[in-house]
Amino acid sequence: MNISCIHFIRHGITEGIVNKWYYGNADLPLIEDGINELNALKEQGIYPNTDKAVFYTSGMIRANQTLESIFGSKEYTVIENLKEMNFGLWECKTFDELKELEDFEQWVNDKEGIFAFPGGGDSTSSFYARVAEGLEELIAYHNSRKGSNESAISVVVCHGGVIAACMCNLFNKPKETFWEWIPKPGRGYTVYFEDDKPVRYDVI
């Protein structure tokens, strides 16, 4: 039996998190408090031993900075499809700024996931589909390293919504549970695979 694992880690705190913005496509950096919190979590020993791991990010600044803050300077592969949801013209705006818009109610009541954010943003359905492609790419990279006597270990640093979508996908959970899977900044999940199938997870 071949056992391997993928560590999914959400980036640290940004200005968007502090201000409760709707944002994903905006390439925001970590703020100083975010870096400090990551350092504190690292000192607590919550992160896995990754001496033999291969690293991946979404390519966004906040993900790359988080990887370096936790694990130091590492080579990594960018998986573009693991970027956060694109809110289009709603990027970096708050609930209070958006709640009066007619389109906002349309989005809130969109049960089919077909509403696309104005200005070229994602719909819920397109976001899930894109992340599924990114997850498939990640797992293909991960599985390609098997064949040696050692189990494959991968670390991907990306985004809360992306991780939630991945967990729903991996464990066949309904989309209604999406919000329950979003980890806090700097935290995430370790997913264990047996013979290429996800079998369990630990919370980071």
Side-chain angles (χ1 to χ4, degrees), residues 2-14 16-17 22-25 34 37-38 41 44 46-50 53-60 62-64 66-67 70-71 76-87 107 110-113 122-146 151-204:
N2 190 310
I3 300 175
S4 64
C5 67
I6 299 178
H7 305 290
F8 293 85
I9 299 174
R10 184 185 178 186
H11 63 80
I13 298 171
T14 64
I17 292 174
Y22 288 85
Y23 86 101
N25 192 55
E37 182 181 60
L38 291 173
L41 292 173
Q44 292 173 24
I46 74 163
Y47 297 115
N49 185 324
T50 55
V54 174
F55 296 87
Y56 305 88
T57 80
S58 65
M60 305 200 83
R62 55 192 183 273
N64 299 343
T66 297
L67 187 151
I70 297 172
F71 301 109
Y76 58 86
T77 298
V78 172
I79 300 179
E80 294 275 349
N81 282 328
L82 294 183
K83 289 183 176 180
E84 186 59 281
M85 180 175 280
N86 182 348
F87 288 90
W107 173 54
D110 176 29
K111 304 301 182 184
E112 298 180 359
D122 287 320
S123 67
T124 300
S125 294
S126 68
F127 171 72
Y128 268 100
R130 171 168 60 78
V131 171
E133 290 181 8
L135 178 61
E136 185 176 347
E137 183 179 353
L138 171 66
I139 291 176
Y141 282 131
H142 180 75
N143 288 343
S144 71
R145 296 175 45 238
K146 295 178 181 177
S151 296
I153 302 172
S154 299
V155 177
V156 57
V157 182
C158 52
H159 311 271
V162 172
I163 293 173
C166 286
M167 294 299 287
C168 288
N169 185 308
L170 288 168
F171 292 98
N172 197 28
K173 299 296 183 180
K175 292 180 180 179
E176 289 77 16
T177 67
F178 172 86
W179 299 102
E180 301 170 18
W181 290 102
I182 297 179
K184 293 180 179 179
R187 295 186 176 267
Y189 302 96
T190 297
V191 177
Y192 297 91
F193 296 79
E194 292 182 2
D195 297 330
D196 299 343
K197 296 181 180 179
V199 292
R200 63 184 178 89
Y201 67 90
D202 290 334
V203 176
I204 296 175

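Between W107 and F87, the ring-plane angle classifies as perpendicular under the 30° and 60° cut-offs.
Closest non-hydrogen pair, I17 versus P185, comes out as CD1-CG, 3.9 Å. The two residues P198 and V191 come nearest to each other via the heavy atoms CB-CG1, 4.0 Å. Considering every non-hydrogen atom in both V131 and A165, the closest pair reads CG1-CB, 3.9 Å. Here the shortest heavy-atom pairing between L82 and S58 reads O-CB, 3.4 Å. When all heavy atoms of T190 and C5 are compared, the pair lying nearest together is CG2-CB, 4.0 Å. In plain terms, the two heavy atoms of R62 and H11 that are nearest each other are NE-NE2, 3.3 Å.
Applying the side chain to side chain donor-acceptor pair (under 3.5 Å) test to pairs two or more places apart or on separate chains, those with a residue in residues 163-178 are T177-W181.
The structure places CD1 of I13 at 4.0 Å from CD of E37, a figure rounded to the nearest 0.5 Å.
Proximity of I46 to I9: side-chain heavy atoms (C-beta onward) are nowhere separated by under 4.5 Å. Side-chain contact between Y76 and F71 is absent, with no heavy-atom pair separated by less than 4.5 Å. Y56 places none of its side-chain heavy atoms less than 4.5 Å from the side chain of L67. Side chains of V54 and H142 form no contact here, defined as non-hydrogen atoms less than 4.5 Å apart.
Under the side-chain hydrogen bond (donor to acceptor under 3.5 Å, both in side chains) criterion, R130 pairs with D122, not counting sequence neighbours. Listed by chain and number, the residues in a ring pair (Phe, Tyr, Trp, His ring centres under 6.0 Å) with Y23 amount to none (sequence neighbours excluded).
Checking H7 against T50 by side-chain atom types alone, no donor-acceptor pair falls below 3.5 Å.
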Just do the side chain to side chain contact (heavy atoms under 4.5 Å, CB included) check on I6 and Y141 with the steps written out, would you? CA-CA 11 Å; I6 299 178; Y141 282 131; over 6 Å; no
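None of F8, F171, F193 except one satisfies the ring-ring contact (aromatic ring centres under 6.0 Å, His included) rule with Y201; the exception is F171.
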